[in-house]
Student: 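My questions will all concern the structure given below.
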Amino acid sequence: MAQAAEQAVRPLVRFLIHWGVGYKDFCELLKRTYMEESAKSLTDDAKEVTASNLSLVSGIHRKDTSLFINQGQNTSSENPPRVKSSAAFSVFSRWISHVKYKNTRGQPLPLPYSSGKKEKSFTGLCTEITTDVRPKAIMQELLRLDLIAEQDENLHIKQDGYVPQKSLEEKLRFFASNIGQHIESAASNIIGHEELRFERMAHRGGLSAADIAELKFIASQKGMDLLKEIYGMAEERASNNDDTSDNDHEFSLGVFVNHSAKTPETDNKTAHRRPARKQT
């Protein structure tokens, strides 16, 4: 089970590293999520949510579970407590958002590494965020993430790396919803508390770049047609339903395409499908 979870979470870890979210930052969110889900599991099993029971189910120290309960079991995932972002991402965020570091057109200013005779500098920006991490280390991390570039003795925000905050937040909402619902279906099938949900995947190695291009085109076209058809049917039914207590169900259908240059170690000469029934 742990090995399967490790494989499933690896792309998420890669995503977090890309955006500069460190291990300690994510652990704080993961700890809260473990306690929330453990409390829900105890409630579903008609057991009392105590610090001891919560610690037993989650594996988290009783000191933390006691604090969680005393704070009212803040189970709202929509407004999770803020954790301190990694230094590099915090510096980057301040650089692209604070008026002090923008020109008259609202674009991030180029900054010299050290102040010298200039008032604004990258080192000055870094010290506004943290004194625990050296500015040079932060600069190297932002260069590694391909978010900044060195040019004319200044550091610049890369235009292709700069994502407006509103657009980024919208993309993250889609990311969280899409990935979360896929995992929800897969986890539900394994736990077996409900009727199995439809979850299948077609996979084949040994393909050329031209094969991939053709398959991507067909999958995108037919996938979008299916999504439009399903959404149209759902929209029609939702519009015709009366305002009753039974109309509180939600339905989701996702389509994704993935490809890489590597051939998986397992020999999948035929489409791999997980047996499942129609989703309710």
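Quick caveat, the model's predicted, so the values are computed rather than measured.
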Student: With no hydrogens and no angle check, just 3.5 Å: does a side-chain donor-acceptor pair link Ser52 and Thr50?
Tutor: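 Absent: no donor and acceptor within the cut-off.
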Student: Would you please name every residue forming a salt bridge (charged side-chain N to carboxylate O under 4.0 Å, His left out) with Arg10, sequence neighbours left out?
Tutor: Glu6
Student: Before you tell me yes or no, could you show the steps for Arg94 and Ile129 under side chain to side chain contact (heavy atoms under 4.5 Å, CB included), namely the whole-Å CA-CA distance, both residues' side-chain angles and the distance that decides it to 0.1 Å?
Tutor: CA-CA 9 Å; Arg94 184 171 179 81; Ile129 300 298; 3.6 Å; yes
Student: Please find the pair of heavy atoms, one from Ile148 and one from Met139, that lie closest to each other, and give the distance.
Tutor: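 Between these two residues, the closest heavy atoms are CD1-O, 4.0 Å.
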Student: Test of understanding: with salt bridge (charged side-chain N to carboxylate O under 4.0 Å, His left out), list the residues that count as partners of Lys100, not counting sequence neighbours.
Tutor: Glu128
Student: Are the side chains of Thr65 and Met35 in touch, meaning some heavy atoms are under 4.5 Å apart?
Tutor: yes
Student: Does the plane of the ring in Phe175 sit parallel, tilted or perpendicular to the ring in Phe15? Use 30° and 60° as the thresholds.
Tutor: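 Phe175 and Phe15: parallel rings.
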Student: For Leu54 versus Ala39, what's the shortest heavy-atom pair and its separation?
Tutor: CD1-N, 3.4 Å
Student: State whether a side-chain donor-acceptor pair under 3.5 Å links Ser185 with Glu199.
Tutor: no
Student: A side-chain contact here means heavy atoms from C-beta on lying under 4.5 Å apart; do Lys216 and His259 qualify?
Tutor: yes
Student: Could you check whether any side-chain heavy atom of Ile157 comes within less than 4.5 Å of a side-chain heavy atom of Ile96, counting everything from C-beta outward?
Tutor: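 Contact flag for Ile157/Ile96 side chains = yes.
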Student: Kindly indicate, with the supporting measurements, whether the criterion side chain to side chain contact (heavy atoms under 4.5 Å, CB included) is fulfilled by Leu42 and Glu48.
Tutor: CA-CA 7 Å; Leu42 289 169; Glu48 187 179 1; over 6 Å; no
Student: Apply salt bridge (Lys or Arg N to Asp or Glu O under 4.0 Å) to the pair Lys40 and Glu37, showing each step before the final yes or no.
Tutor: CA-CA 5 Å; Lys40 184 177 182 299; Glu37 289 297 320; 5.6 Å; no
Student: Begin from the C-alpha positions of Glu36 and Phe68 and carry the test side chain to side chain contact (heavy atoms under 4.5 Å, CB included) through to its verdict.
Tutor: CA-CA 9 Å; Glu36 290 177 358; Phe68 174 76; 4.1 Å; yes
Student: Looking at every heavy atom in both Thr123 and Pro135, which two are closest together, and how far apart are they?
Tutor: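 Closest pair (atom of Thr123, atom of Pro135, distance): CG2-CB, 3.8 Å.
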Student: So Leu125 and His98, do their side chains get closer than 4.5 Å, heavy atoms only?
Tutor: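 Not touching, per the 4.5 Å side-chain cut-off.
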Student: Under a 4.5 Å cut-off applied to non-hydrogen side-chain atoms, are Phe198 and Asn189 in contact?
Tutor: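 The answer is no, as the side chains (C-beta and beyond) never meet within the 4.5 Å cut-off.
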Student: Is the closest side-chain heavy-atom distance between Glu184 and Arg197 below 4.5 Å?
Tutor: yes
Student: Contact between Ser55 and Ile60 at the side-chain level, heavy atoms closer than 4.5 Å - yes or no?
Tutor: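 No, side chains not in contact.
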Student: Using a 6.0 Å cut-off, check whether atom OH of Tyr113 has over 12 heavy atoms from anything other than its own residue.
Tutor: yes
Student: Let me have the donor-acceptor pairs involving side chains of residues 222-231, under 3.5 Å, with sequence neighbours excluded, atom names and distances please.
Tutor:
residue, atom, partner, partner atom, Å
Tyr231, OH, Glu235, OE1, 3.4

Student: Are Lys120 and Leu111 side-chain neighbours, meaning at least one heavy-atom pair lies under 4.5 Å?
Tutor: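 A side-chain contact under 4.5 Å exists here.
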Student: Consider only side-chain N and O atoms of Ser41 and Asp44, and report whether a donor and an acceptor are under 3.5 Å apart.
Tutor: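 Judged by distance alone, the side chains do not pair up.
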